[in-house]
Number of protein chains: 2
Amino acid sequence: MAARTTSTGASAARERLLQSASELFYREGIHAVGVDRIIAEAGVTRATFYRHFPSKEDLVEAYLGVEDANIRGAFDAAEASGAEPRQLVGLVIEGLADDVARNHTRGCPFINAAAEYPDPDSGVRRAVGEHREWFRSELETLLTAAEVEAPEQAAGQLVLLRDAAMVGGYLDGWERVRPAFVAAATRTAGLEA
Amino acid sequence: MAARTTSTGASAARERLLQSASELFYREGIHAVGVDRIIAEAGVTRATFYRHFPSKEDLVEAYLGVEDANIRGAFDAAEASGAEPRQLVGLVIEGLADDVARNHTRGCPFINAAAEYPDPDSGVRRAVGEHREWFRSELETLLTAAEVEAPEQAAGQLVLLRDAAMVGGYLDGWERVRPAFVAAATRTAGLEA
DNA sequence: TGAGAAGTAGAACGATCGTTCTATCTCTTT
DNA sequence: AAAGAGATAGAACGATCGTTCTACTTCTCA
């Protein structure tokens, strides 16, 4: 094999492709961004694109994979901080709020993608579903460790709250949504005391 | 003026166009549905289409206008029922839940449209913003009449809850979301007692 | 009765969609 | 030195995008 590869083993062209696509897909929407735009932004030719991704939809799934990996990384970092369970839940809620305020001002990548992919059997929707299920069960684990009562129900409610924060932050502005989110989330997680 | 018009004064062709477009836009997404599909479904020619709508985006705005009118109609009907304020709030919450369960199983038309229209100054986003602001203030009026404390905050939270219910109902299934929504909404509206 | 708006029919516009192709060049590995 | 994978360059595919156009018909209201 040839070509410049990064330390992770992935090719440089592929990574540039993925990063350009991620930015464009998130900022402008998926159907609105053509392959030409992506390869121009990445400084890559069509042939190179199709060598790494069999179709545009594979690139879309890879984009969601990056978003998924980012969030999992943030969770891992929080868990590695050595905080005790109840404190950890607070950190996660703060982290979610920070994420909406800083990184995800155009809404939730998964919700937005799902809006453009109605077919529940498509690869995109499967990626969305898997991410949501992971997120939900991760929260449940955290809440169980923090000895919150009814952790399963609370986890489901926190997923909903995050959806609402993402949507509301995008459409109404985060400043208007933040107090409601923080109040509801801390109460749901049993941290108000 | 000629042509078959309905009792409301709008032309029959325009109404068929609008209905076909509404179904297609909601079910499959906006960018994913071309003008050809819409006119074929409506049994209308391109010329007729562009006689009634200067561009596709005007049709999109009209589509959101229909959705907006439907919800306002539902609110008007509830208010005309003669129920007392606190009862009315309960009816509205029930109505929202019913709407998600029956009519809006593909998510919120406004949230989905916003996912495809990043430009906050576009006509589509303006329509989304106006609907949301109307919805919020309508809830605040209702909650104020019902003598709920902090009606402004409660109204904002109910908007978020509806967003969450729409998104969650679409992506996770309404059965999984319903209990969390009803519980949170009745508590937020001060009806749990 | 005649003006005029709304409808039908269908060709055509340039632009972009996602995708495939051939050909050449540049590396790394064996 | 030879093989082969990856990247580059650029033309080309058919299909669809949103939009405009001409020409003809039909109906209503002044």
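Note on naming: letters A, B, ... go to the chains in the order of the sequence lines (proteins, then strands), and numbering restarts at 1 for each one.
When the side-chain nitrogen and oxygen atoms of Thr45(B) are compared with OP1 and OP2 of dA9(C), none of them lie within a distance under 4.0 Å. Taking only side-chain nitrogens and oxygens, His31(B) never comes nearer than 4.0 Å to OP1 or OP2 of dC17(C). For Ser11(A), a side-chain nitrogen or oxygen approaches OP1 or OP2 of dA7(D) to under 4.0 Å.
Using a 4.0 Å cut-off between a side-chain N of Lys or Arg and a carboxylate O of Asp or Glu, Arg125(B) and Asp119(B) do not qualify as a salt bridge.
One interatomic measurement links the two molecules: CZ of Phe49(A) to P of dA9(D), which rounds to 17 Å at whole-angstrom precision. Going from atom CD of Glu57(B) over to atom P of dC17(D) covers 17 Å, rounded to whole Å. In this structure, Ile39(B) atom CD1 and dC17(D) atom P are separated by 10 Å, rounded to whole Å. Between the CG atom of Leu17(A) and the P atom of dT8(D) there is a distance of 10 Å, given to the nearest Å. If you take NZ of Lys56(B) and P of dT19(D), they are 8 Å apart, rounded to a whole angstrom. As rounded to whole Å, 18 Å separates atom C1' of dA6(C) from atom OH of Tyr50(B). In this structure, the CZ atom of Arg51(A) is 12 Å from the C1' atom of dT24(C), given to the nearest Å. Here dT19(D) presents its P atom at 10 Å from CG of Leu59(B), a figure rounded to the nearest Å.
Of the candidates dA7(D), dG7(C), dT20(D), dT20(D) carries the atom nearest the Arg46(B) side chain, counting heavy atoms from C-beta on.
Between Ala47(A) and Asp36(A), the residue whose closest nucleotide on DNA chain C is further toward the 5' end is Asp36(A).
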Checklist entry - side chain to side chain donor-acceptor pair (under 3.5 Å) between Thr144(A) and Thr141(A): does it pass, once the steps are laid out? => result CA-CA 5 Å; Thr144(A) 302; Thr141(A) 302; over 6 Å; no

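A donor-acceptor contact closer than 3.5 angstrom links the side chains of Tyr170(A) and Arg106(A).
Between His104(B) and Tyr26(B), the distance separating the two ring centers is shorter than 6.0 angstrom.
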